[in-house]
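Have a look at the structure below before the remarks.
Index from 1, following the sequence.
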Amino acid sequence: MTVDPTRVLNTGSHDLPVSPALDAFMSTGWAATPLPAGDRTPGHHVTPARRARLAAAFPGERLLVPAGQLKVRSNDCDYRFRPHSAYAWLTGLTGEEQVGHVLVVEPDGEAVLYLRPRSPRGGGSAEFYRDRRYGEFWVGRRPDLAEAEQLTGIRTAHLDDLGKLTAGPQPPTRVLTGVDPLLDAALDRPDPGREAADARLAAVLSELRLVKDAWEVEQLQLSVDHTAAGFEDVVRALPAALRHPRGERWLEGAFNQRARAEGNGTGYDTIVASGAHACVLHWIRNDGPLDPDRLLLLDAGVETDTLYTADITRTLPLGGTFSPVQRDVYQLVLAAQDAAIATLRPGASFRDFHRAGMRVIAEGLAEWGVLPVPAEEALREDSGLYRRYTLCSSGHMLGLDVHDCAKARAETYLDGVLEEGMVLTVEPGLYLQPDDETLPAELRGIGVRIEDDLVITADGARLMSGALPRTVAGIEEWMGRLLG
């Protein structure tokens, strides 16, 4: 089949037309540029066992796990692409070129990767220089089928052949839905039980990732280490940020520069919350000025090139030292975090660390005279009055997603027990709203969260983010050293 060189191929309205002469000229004279023969994805050695575990959970069934599709940001500009975490976990492929690809695990357990290979130079195809979404001149090189098989160790097929696979009679099939709308729309599965079947696939994919292997823990430690360096960058940037009318954004840029330089970027939108903004749990506007008399809550994580992310929060005095009131609030949150961390060990309930931290918080609030009832009463499930000042949970699983394994069933995660190799955050906080009349004036507008990343070990837990200080004295000394 020949291709009309003037046909529009995902081109913008302002593109210039291509003459037949130019198209012919563009189709010849290109040197071969193969990938190095020894190239492998970083997870090449661990992904076969992951795919085998998935296949074993659904014997005799076909499983489709898509990478996802591009999303338009504005007009003809797309958001930066990140493949779905389950796809990345099973294939080791994490790049922006994975748009539209689908991993298929066949009923016999064999995996086949359906992908869009590198666009050919010549042969009637103009994609490589005309297609804004997929053309090599526009978005960079993709592997061809043989190269992709070499990189991953997975048999490959052209994405165009996926339609043939899903046409006609099908074996029992499950799809990770809600990831690729084109794939969801293309599949004709009238079975009334398919939604429950697909939900089970999503749950199993999350549950298989609850316990991290040694390689994953290494990737997470790398992310934590880069994040710690980013926090140091933020402290060093404080003098300039304090002078800027949108100092929060200045600091956001300082951290995000580290994230892009050392990894794929940030694992989630960076929270840079000064003063009362720290009382907004997911403050990402980051458009406020900085006041040296107030606190700064920084919640940020570097995502590695393999897509594992850290999630660390520190609350810092913008002037370098805590005021007496700020110290009191900080010390209460730190005591809650210490109590929570002390519960972490294999066999402990996942909810134990939250309960331990919240008991300390409630008792502290009662001692301050803030609670209208005794701490014990406030902690009862039919009360929970302490939560006015600390609404959210005290931690979550961590991995390829900042809130990792979220589709896992409650009995395996929230109501389950901790196992060696699980990685999680512990992040109690107090958010004392500026307009809360139940608080004394000196406490209003103070927000404190302390968040660390930990891996469950054989006899407890290892603090992965211990390079960043947690105590009042440690933070003040650290900031003073960095600021000179």
Side-chain angles (χ1 to χ4, degrees), residues 220-278 280 283-305 308-323 326-327 329-330 333-334 337 402 425 427 429 446-453 463-484:
L220 283 161
Q221 186 64 63
L222 180 64
S223 174
V224 166
D225 294 345
H226 290 322
T227 300
F231 275 59
E232 293 191 348
D233 294 340
V234 167
V235 173
R236 293 190 183 97
L238 277 175
L242 282 161
R243 296 191 297 268
H244 198 279
R246 289 208 276 187
E248 289 178 345
R249 289 200 178 170
W250 190 279
L251 297 180
E252 177 185 7
F255 183 84
N256 290 5
Q257 180 182 36
R258 174 70 63 173
R260 283 294 283 168
E262 304 291 356
N264 187 54
T266 57
Y268 52 95
D269 286 331
T270 300
I271 296 172
V272 187
S274 62
H277 289 166
V280 180
W283 176 261
I284 58 172
R285 299 179 196 174
N286 301 343
D287 59 358
L290 306 180
D291 181 341
D293 293 329
R294 308 297 293 273
L295 297 175
L296 175 81
L297 188 155
L298 175 65
D299 185 336
V302 172
E303 181 180 79
T304 63
D305 291 331
Y308 289 86
T309 186
D311 182 9
I312 299 173
T313 305
R314 288 293 183 268
T315 305
L316 312 174
L318 283 165
T321 57
F322 291 88
S323 73
Q326 291 167 352
R327 183 180 293 109
V329 177
Y330 189 93
V333 176
L334 180 62
Q337 193 194 36
V402 65
T425 71
E427 51 172 318
I446 295 178
V448 173
R449 180 164 65 251
I450 310 170
E451 179 179 21
D452 283 279
D453 303 340
L463 184 63
M464 303 176 75
S465 46
L468 289 172
R470 297 166 56 236
T471 66
V472 166
I475 286 172
E476 291 179 346
E477 186 280 328
W478 173 70
M479 292 182 68
R481 175 169 46 83
L482 291 173
L483 292 169

With sequence neighbours excluded, residues passing salt bridge (Lys or Arg N to Asp or Glu O under 4.0 Å) with R258
D233, E262
Starting at OG1 of T321, measure out to CG of D293 and round the result to the nearest 0.5 Å.
9.0 Å
Minimum-distance pair of heavy atoms, taken over all atoms of A241 and W250:
CB-CD1, 3.7 Å
Taking every heavy atom of A237 against every heavy atom of A254, the minimum-distance pair comes out as CB-CB, 3.9 Å
More than 12 heavy atoms of other residues, nucleotides or ligands under 6.0 Å from CD of Q257: is that the case?
no
Counting only N and O atoms by type, is there a donor-acceptor contact under 3.5 Å from the side chain of T227 to the main-chain atoms of V302?
yes
Residues N256 and T266: side-chain donor-acceptor under 3.5 angstrom
no
Checking E303 side chain against G263 main chain: does a donor-acceptor pair fall under 3.5 Å?
no
From OG (S274) to CG (L298), nearest 0.5 Å
11.5 Å
Tell me whether T270 contacts the main-chain N or O of A300 through its side chain, where contact means a donor paired with an acceptor under 3.5 Å.
no
So, do Y308 and L222 sit near enough that their side-chain heavy atoms are less than 4.5 Å apart?
no
I'd like to check M479 versus P317 (side-chain heavy atoms, cut-off strictly below 4.5 Å). Are they in contact?
yes
In Å and rounded to the nearest 0.5 Å, what is the OG1 to CG distance from T304 to L220?
7.5 Å
Tightest non-hydrogen contact, residues G447 and A278, listed as O-CB, 3.6 Å
List for me each residue that meets ring-ring contact (aromatic ring centres under 6.0 Å, His included) alongside W478, sequence neighbours excluded, and say none if there are none.
none
P239: which residues meet the side-chain contact (heavy atoms from CB on, under 4.5 Å) condition with it, sequence neighbours left out?
R243, L483
Looking at OG1 of T309 and CG of N264, how far apart are the two atoms once the value is rounded to the nearest 0.5 Å?
10.0 Å
Between S223 (side chain) and A310 (backbone), is there a donor-acceptor pair under 3.5 Å?
yes
Taking L297's backbone N and O only, do any of them form a donor-acceptor pair with T315's side chain (distance below 3.5 Å, no angle check)?
no
Taking all heavy atoms of S465 and all of I312, pick out the closest pair and write down the distance.
CB-CD1, 3.7 Å
Between D269 and R285, does at least one N-O distance fall below 4.0 Å, as a salt bridge requires?
no
I'd like to know if the side chain of R314 reaches the main chain of E451, judged simply by a donor and an acceptor atom lying under 3.5 Å from each other, with no hydrogens or angles considered.
yes
ring-ring contact (aromatic ring centres under 6.0 Å, His included) partners for F322, two or more places apart:
Y330
Apply ring-ring contact (aromatic ring centres under 6.0 Å, His included) to H277 and list each qualifying residue two or more places apart in sequence or on a separate chain.
W283
Inter-residue atom distance L251.CG - N286.CG, 0.5 Å rounding
9.0 Å
I need the L468 CG to D225 CG distance, nearest 0.5 Å.
9.5 Å
Going by the salt bridge (charged side-chain N to carboxylate O under 4.0 Å, His left out) test, which pairs reach into residues 244-253, not counting sequence neighbours?
none
Which atom of L242 lies closest to which atom of L318, heavy atoms considered
CD1-O, 4.1 Å
